[in-house]
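Notes to accompany the following structure.
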Protein chains: 2
Amino acid sequence: MAADDQPVPVFPKPVTLRDVAAAAGVSVATASKALNSQGRMTAETRERIRETARSLGFRPNSLAQSLLRRRSFTVGLLTNDTYGRFSLPLMSGISDALVDNGVSVFLCNVEEDPRLGQLHVEAMLDKRVDGIIATGKRIDRHLPVDLSDLRVPVIYAFTQPDPDAVAFVSDDAGGARLAVEHFCGLGRKRIAHVTGPASFAVVHDRAQAYRDVLTENGLPAAEPLLGAWSEAWGHEAVARLFDGPRRQDGKGERPDAVFCGNDQIARGVIDALRERGLSVPGDVGVIGFDNWEIVAEATRPPLTSVDMNLAALGREAGLTLLSLVGGQPAAPGIRKLPCRLVVRQSCGHPMDG
Amino acid sequence: MAADDQPVPVFPKPVTLRDVAAAAGVSVATASKALNSQGRMTAETRERIRETARSLGFRPNSLAQSLLRRRSFTVGLLTNDTYGRFSLPLMSGISDALVDNGVSVFLCNVEEDPRLGQLHVEAMLDKRVDGIIATGKRIDRHLPVDLSDLRVPVIYAFTQPDPDAVAFVSDDAGGARLAVEHFCGLGRKRIAHVTGPASFAVVHDRAQAYRDVLTENGLPAAEPLLGAWSEAWGHEAVARLFDGPRRQDGKGERPDAVFCGNDQIARGVIDALRERGLSVPGDVGVIGFDNWEIVAEATRPPLTSVDMNLAALGREAGLTLLSLVGGQPAAPGIRKLPCRLVVRQSCGHPMDG
DNA sequence: CTTAGTTGGGAAAAGGTTTTCTCTTACAGA
DNA sequence: TCTGTAAGAGAAAACCTTTTCCCAACTAAG
């Protein structure tokens, strides 16, 4: 057996409580109590055991502890977004909240595959996770898994929840209000809205908020332009808004502000405006959505954008799951967390007159 | 106690092997053997027990299994990159490889904090992970953790490894060769290199490969332009390359190709070239690095770029860890995995004459 | 001297599974 | 009828820790 001749690294056996007890000359029960500040014994005995444990490098086996306590201090994080700039800050926030509380996170990518999802959920349950957080790349789509009637608490974050579940999402309408009201406050009068495809629920939420704010401010209600989430669509939308023939009925006047459905569209809009010799924010103000910093800071000028506070949302979701796991009740329902406007230079200062 | 009046959801107790055995009228030992295709028993007994288990919805407790087998089918994934477009495909590849083999992944973000790192590693060890994968956002930086002399195998992926460790990184020099040789093959003669700051090891690796290929092809060796990883630097570099006074010594001639250190620089370069009325790829070919699709596909024209195959790298790392865990030896050292060139439209077709 | 109480510490069960060993029964062969 | 063997199934140990219960010894009170 030539293969057996290879030097295989051999890993030392972990030291167990039994080892500590033997080394300290006590029973495992006493050793356990000494290390956990339980039971009664002389201070010397306790300290001696602790010192022995330290010197042996003893670390309790979490598996055994979990088995006994019926609590694994582990939660499952389900997502269908691998590449996402949304799920990243979200997951980061969730993870931080949990880890700060001594809870580890199982990461599970379920793609769009229900079989894979089922598999993962069962694996997590088998590993006795204390709870599950479901996360997605779209707020209006279900994960391809059934999380109802699980034997652990479930929280939904930035994904379509089951009815009667506890869920956290961003307040997209509120975010849109922030942007449009900011334009209004700056004195912009003809505010356009260029956004993504109609198949996204947020497109309608934001568009409605856009209309509402315009109405409230007595401004002309233009119809939002629905397209794609891409720079190219930003270019095309500018062509439609600015290259058409001017009409005399008041409509059709050139916008002096564009509220965009995401930062890529906004990037396209800004570039297209510059190509037409229009200055941003001088002639036209632009606000994006998502606050994807790498894009928002690369536009010229840097882009004002709505931030969905996804890290904070994740943190909130994580903490809520923890309290659920701890036995605290939480009212089912969807909690919308506020967005915030990150003002850079693309929206300009208050206008005269 | 008003708080106690709230309806607290009560989760059903998991059904154990003991329950199954009792329901089937056999001992737990027999039940276990029936479900694991071990031991000897009549086919009927086996099937009856299995049916009972199915109907009860029995799922074995992984904690108990892991405790006994001394193998948890769990690995820890350490990273210091939360927002990264590098670590995402990498982690995705790692995760896929592991999950395909029935292994779950603990996600641990250690930031840059050695205390946090230490904490995480200990937590993972306590939870008896079978192995650890260390991942970073920079190939030339250590994670802030000490992973030597652990009692489990460790693999490094896209981060600076300890000596004598097993590590996977991308072959940046090879990737650069791919790009520059592609330009040479297309007949470009004056190839510039615009890249990131000198503090990155890959900048030098790629720059050296760039020089080597030029020399091999008998082309003039221009000094790479080192700057930042940003679009703005792409703009500035074009200004330096194309706006300076023409010199008569052969040097200083305008480049007909620019190999960029990442896609953002390339984006800046392309935009700046267009602003100067130069056509891409007609007058100047451009190749980027990273193949960050959302950028590469948004440039006009779409950007040819070097892809580091990070998902494949991650997959390879995951599989290697698994074989290490399985007792297969692996030679220590750094394995460089090849990049590939994704050709889009920014580098053009072969030139005449 | 007895009784009650306290103190220091150990034995054992529990958590859920796997595996080895042992035991009982049945059956074939002598 | 007796012996040997194989099949089928259970008992128990093991994994490691925590916790409850118990015991022995000692002290203080009556």
Side-chain angles (χ1 to χ4, degrees), chain A residues 11-50 52-53 56-74 122-123 125-130 151, chain B residues 11-50 52-53 56-74 122-123 125-130 151:
Chain A
F11 299 103
K13 287 215 186 314
V15 9
T16 72
L17 188 59
R18 188 201 311 274
D19 300 331
V20 174
V26 296
S27 72
V28 286
T30 306
S32 171
K33 282 180 281 200
L35 297 176
N36 295 305
S37 306
Q38 302 288 315
R40 289 175 313 200
M41 68 195 67
T42 54
E44 303 136 78
T45 309
R46 198 180 290 277
E47 191 43 48
R48 175 167 49 89
I49 296 174
R50 288 192 168 161
T52 312
L56 259 45
F58 168 74
R59 308 233 63 205
N61 184 330
S62 290
L63 259 34
Q65 290 180 321
S66 300
L67 186 57
L68 203 54
R69 294 187 176 139
R70 286 206 216 63
R71 178 111 153 63
S72 65
F73 290 92
T74 293
E122 282 171 4
L125 255 23
D126 291 349
K127 294 203 161 139
R128 294 308 191 261
V129 294
D130 298 330
R151 54 173 197 251
Chain B
F11 299 103
K13 287 216 187 314
V15 8
T16 73
L17 188 58
R18 188 198 311 271
D19 301 331
V20 174
V26 296
S27 71
V28 286
T30 306
S32 171
K33 282 179 283 199
L35 297 176
N36 295 305
S37 307
Q38 303 286 316
R40 289 175 312 198
M41 69 194 64
T42 55
E44 305 136 77
T45 308
R46 200 179 290 276
E47 192 43 49
R48 176 167 48 89
I49 295 173
R50 287 190 170 162
T52 312
L56 260 45
F58 168 74
R59 309 234 63 208
N61 184 330
S62 289
L63 293 170
Q65 290 180 320
S66 299
L67 186 57
L68 200 54
R69 294 189 175 138
R70 286 202 216 66
R71 177 110 152 66
S72 65
F73 291 92
T74 293
E122 281 171 5
L125 254 25
D126 290 349
K127 292 199 163 142
R128 293 309 190 260
V129 294
D130 299 330
R151 53 174 196 250

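Quick note on labels: first sequence line is chain A, next is B, and so on, each numbered from 1. This one's a predicted model, so the numbers in the text were calculated from it and none came from an experiment. Just the heavy atoms: all of them, side chains too, but no hydrogens, waters or symmetry mates, feed the values below.
Side-chain proximity of B:T42 to the nucleotides D:dG8, D:dG10, C:dT17 is greatest for D:dG8. Of the listed nucleotides (D:dC16, D:dA12, C:dA14), D:dC16 has the atom at the smallest distance from the side chain of B:L67. Comparing C:dT19, D:dT17, C:dA12 by their nearest atom to the side chain of B:A29 picks out C:dT19. Among the nucleotides D:dC16, D:dG10, D:dT18, the one closest to any side-chain atom of A:L17 is D:dT18.
The backbone N or O of B:M41 lies less than 3.5 Å from no partner atom in the side chain of B:T45, so there is not a single donor-acceptor pair. Judged purely by atom type and a 3.5 angstrom limit, B:T30 has no side-chain atom pairing as donor or acceptor with the backbone of B:V28. Panel note: side chain A:D130, backbone A:S72; a donor-acceptor pair is recorded below 3.5 Å. With hydrogens and angles ignored, the 3.5 Å screen pairs no side-chain donor or acceptor of A:R128 with any backbone N or O of A:S66.
Here the P atom of nucleotide D:dT19 and the NZ atom of A:K33 are 10 Å apart, to the nearest Å. Rounding to whole angstrom units, CZ of residue A:R128 and P of C:dT17 are separated by 7 Å. The CZ-P distance, from B:R70 to C:dT17, rounds to 18 Å in whole Å. Distance A:M41 CE to D:dC26 P: 19 Å, rounded to the nearest Å. At whole-Å resolution of the value, NZ in A:K127 and P in C:dT17 are 15 Å apart. Atom CD in B:Q38 sits about 16 Å away from atom P in D:dG8, given to the nearest Å. One atom, CG of A:L68, and another, C1' of C:dG16, lie 11 Å apart when rounded to the nearest Å. Between the CZ atom of B:R71 and the C1' atom of C:dT17 there is a distance of 17 Å, given to the nearest Å.
A:R48 and A:T42 share no side-chain donor-acceptor pair at under 3.5 Å.
Across the interface with DNA chain D, nearest-nucleotide mapping of A:N61 and B:R40 shows B:R40 to be the residue nearer the 5′ end. Both B:T30 and B:A64 lie close to DNA chain D; mapped to their nearest nucleotides by heavy-atom distance, the more 5′-ward contact belongs to B:T30.
Backbone-only contact: A:T45 has heavy atoms under 4.0 Å from sugar-phosphate atoms and none from a base. Among the protein residues, A:S32 comes within range of the nucleic acid bases, having at least one heavy atom under 4.0 Å from a base atom.
Put simply, B:Q65 has no side-chain N or O that comes within less than 4.0 Å of OP1 or OP2 on C:dG16.
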